[in-house]
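Report on one structure; see the data block that follows.
Lettering follows sequence order; numbering is per chain, from 1.
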Amino acid sequence: MIVFHIDVNSAYLSWEAVYRLQHGEKLDLRTVPSVIGGNEKNRHGIVLAKSIPAKKYGVRTGEPLVKARKKCPNLMSIPPRYELYMKASNALFQLLQEYSPFVQRFSVDECFLDYTRSNHLYGDPVQVAHSLRERIYQEFGFTVNIGVSSNKLLAKMASDFQKPNQVHTLFLAEVAQKMWPLPVSDLFMVGPATVRKLLKIGITTIGDLAHTDLGLLKAQLKSHGELIWRYANGLDDSPVHVGDYLPHRGVGNGSTIAFDVTDKRTAHKILLSLTEKVAMRLRASGYTAQVVAVAIKNSSFLRYSHQTKLSAPTDVTNEIYQTVCRLFDECWQKEPVRHLRVRVSDLKPCAESQLLIMGAKQHSKLQSIDRTVDKLRKKYGANVLIRGIFLHSGHKAVLGGVGEDDYKMMSSIL
DNA sequence: TCTGGGGTCCTAGGACCC
DNA sequence: TCTGGGGTCCTAGGACCC
């Protein structure tokens with residue numbers, strides 16, 4: 001197998017920079033300390049993407065803008081434009097398909113491309129990767145890193161080497177020299193919690209991990225131990241998934257609220273606006289759901305959640321919402337709430353949906369109302385129909401979401 | 001006005017059944 | 001009237017990814 005991993009450098013920031021240059025702006029955001037940052041008034045104030053100059057000041061993705069500014073006082077912060085980023089992402093995805101029909105969209109800014117069967121058509125993979133990289137820059141104006149290897153894990157690790165605008169290889173024979181000296185935290189699927197556990201048994205580099213006894217790792221880290229041991233040794237046999245190969249597992253929508261919620265009525269209103277979007281997206285996906293969950297983050301940043309399995313799957317907004325409210329009431333500890341999330345899972349295709357349950361008539365009536373509302377909202381926008389409860393309430397009727405993501409988000413298993 | 005949002009997978013523990 | 005013990009389902013929480 002020959003796999004490319006294509007990774008857009010500082011994706012949101014690059015796309016924003018290119019857009020601005022194309023619209024007459026003189027300054028290239030990529031050349032100065034800058035970030036794409038959330039709205040601080042709404043308590044969304046974190047770094048979503050950073051330029052390379054900002055990185056040199058120690059600015060990190062995910063950290064509060066306040067903290068980033070302390071490291072870099074003249075940091076520019078630009079609000080995100082998700083629709084633009086989605087368009088750029090789609091354009092890249094389209095272009096990649098010219099090189100192989102086997103392209104897996106891994107996230108908004110990452111794709112895997114299975115080059116195995118393109119090899120005899122287009123020739124040497126490394127040369128092709130270089131021309132692809134150059135072509136993306138010429139046609140789109142943003143840069144990518146491309147990792148080339150014999151499996152997805154190594155291709156992904158390779159694309160993470162020196163940036164930007166580079167092609168790197170990481171074939172099995174190169175693993176010892178190029179990957180083993182790196183800190184173990186650089187390995188895909190090794191996060192902070194795992195780093196702490198590994199440090200306790202004396203593992204600090206990927207090479208250390210690769211040479212550790214598998215039995216010991218399994219004893220300490222269960223199945224995750226085996227996974228990262230295999231990765232450290234460059235082993236991965238997962239295929240490049242195309243199209244809808246991976247089924248949806250659930251649909252969720254959550255939001256940090258601009259103020260702390262301290263009463264049940266307000267909480268229910270926000271939960272309704274979250275549920276509206278979840279149910280719309282569920283219906284659009286053609287699934288019904290049997291598990292409903294509510295998650296709360298309180299003002300101390302403590303998180304907890306509560307879920308239940310319905311007696312029958314549903315895609316009806318009202319049925320989900322009733323359950324959401326019950327779950328919230330059952331688990332809310334009465335402290336100020338910072339963030340709320342609604343999630344449905346245990347999905348079944350719509351066709352399997354029940355017809356002979358109690359109250360089936362009421363259920364199908366609600367279903368047809370929902371579908372009508374969906375159509376109108378699709379045509380005229382989310383605010384064409386607003387529930388009476390939201391009128392003059394100061395709350396948005398449909399809350400959350402980062403643009404219409406009609407692509408699959410990543411899965412943690414390659 | 002310090003700390004987002006959307007995913008997936010795994011594990012532990014309790015309930016329940018035979 | 002000292003105790004079992006698998007198997008499955010369900011829920012909560014944690015870990016990881018971008």
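Residues forming a side-chain contact (heavy atoms from CB on, under 4.5 Å) with A/Ser34 (at least two apart in sequence, or on another chain): A/Leu13, A/Leu29, A/Val32, A/Ser51, A/Met76. In this structure, A/Tyr99 has no ring pair (Phe, Tyr, Trp, His ring centres under 6.0 Å) partners at least two apart in sequence or on a different chain. Under the side-chain contact (heavy atoms from CB on, under 4.5 Å) criterion, A/His168 pairs with A/Asn145, A/Ala158, A/Phe161, A/Gln162, A/Gln166, sequence neighbours left out. Listed by chain and residue number, nothing satisfies the side-chain contact (heavy atoms from CB on, under 4.5 Å) test with A/Pro101 (two or more places apart in sequence, or in another chain). With sequence neighbours left out, the side-chain contact (heavy atoms from CB on, under 4.5 Å) criterion links A/Glu110 to A/His5, A/Asp7, A/Phe106, A/Ser107, A/Lys156.
Nearest-nucleotide mapping onto DNA chain B: of A/Ala258 and A/Val47, the residue sitting toward the 5' end is A/Ala258.
In this structure, A/Phe259 places its CZ atom where more than 12 heavy-atom neighbours from other residues, nucleotides or ligands lie under 6.0 Å away. Shown here is A/Arg135, whose CZ atom has more than 12 heavy atoms of other residues, nucleotides or ligands within 6.0 Å.
Taking atom C1' in both B/dG4 and C/dC17, the straight-line distance is 15 Å, to the nearest Å.
Across all strands, A/Thr194 comes closer than 4.0 Å only to sugar-phosphate atoms, never to a base (heavy-atom distances). Across all strands shown, A/Gly252 has heavy atoms under 4.0 Å from sugar-phosphate atoms exclusively, and none from any base. Residue A/Asn42 is classed as having no contact, given no heavy-atom separation below 4.0 Å to the nucleic acid. A/Val190 comes within 4.0 angstrom of sugar-phosphate atoms only, judged by non-hydrogen atoms across all strands, and of no base.
Taking a cutoff of 4.0 Å between a charged side-chain nitrogen and a carboxylate oxygen, A/Glu226 and A/Arg230 do not qualify as a salt bridge. Electrostatic pairing of A/Arg265 and A/Asp263 does not count as a salt bridge here, judged by no charged N lying under 4.0 Å from a carboxylate O. The pair A/Arg20-A/Glu16 counts as a salt bridge, with a side-chain nitrogen and a carboxylate oxygen less than 4.0 angstrom apart.
How far CE of A/Met157 is from CG of A/Asp186: 6.0 Å, rounded to the nearest 0.5 Å.
Aromatic ring orientation, A/Tyr85 versus A/Tyr12: parallel (interplanar angle below 30°, classes split at 30° and 60°).
Note on A/Arg249: every side-chain N or O is 4.0 Å or more away from OP1 and OP2 of B/dG6. For the OP1/OP2 pair of B/dG6 and a distance below 4.0 Å, the side-chain nitrogens and oxygens of A/Arg341 include at least one atom meeting the criterion. Considering only side-chain N and O atoms, A/Ser255 lies under 4.0 angstrom from the phosphate OP1 or OP2 of B/dG5. Contact annotation: A/Asn253 reaches the phosphate of B/dG6 (side-chain N/O to OP1 or OP2, under 4.0 Å).
Identified under the salt bridge (Lys or Arg N to Asp or Glu O under 4.0 Å) test for residues 332-345 of chain A, with sequence neighbours left out: none. Applying the salt bridge (Lys or Arg N to Asp or Glu O under 4.0 Å) test to pairs two or more places apart or on separate chains, none has a residue in residues 284-306 of chain A. Sequence neighbours left out, the pairs with a member in residues 54-69 of chain A that pass salt bridge (Lys or Arg N to Asp or Glu O under 4.0 Å) are A/Glu40-A/Arg69, A/Glu63-A/Lys71.
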Between the protein and nucleotides 11-17 of chain B, list every N/O to N/O distance that falls short of 3.5 Å.
residue	atom	partner	partner atom	Å
B/dT11	OP1	A/Ser223	N	3.4
B/dT11	OP1	A/Ser223	OG	3.1

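Rounded to whole Å, the distance from CG on A/Leu75 to P on B/dC2 is 17 Å. Summarising the geometry, the separation between CD1 on A/Ile46 and P on B/dG5 is reported as 8 Å, rounded to the nearest angstrom. Separating the CZ atom of A/Arg60 from the P atom of C/dC18 is a distance of 15 Å, rounded to the nearest angstrom. Separating the CZ atom of A/Arg81 from the P atom of B/dG4 is a distance of 23 Å, rounded to the nearest angstrom. Atom-to-atom, CD of A/Glu226 to C1' of B/dC9 comes out at 15 Å; the value is rounded to the nearest Å. To the nearest angstrom, P of B/dG6 lies 16 Å from CG of A/Leu347. Rounded to whole Å, atom P of B/dC2 lies 12 Å from atom CG of A/Asp260. The separation between A/Ile36 atom CD1 and C/dC18 atom P is 19 Å, rounded to whole Å.
Looking at residues 293-307 of chain A, you'll see A/Lys297, A/Phe301 sit with a heavy atom under 4.0 Å from some atom of DNA chain B. Taken residue by residue, residues 62-71 of chain A places heavy atoms nearer than 4.0 Å to DNA chain B at A/Pro64, A/Val66.
For DNA chain B, each stem of at least three Watson-Crick or G-U pairs (distances under 3.5 Å) is given as range with range: B:5-18 with C:5-18.
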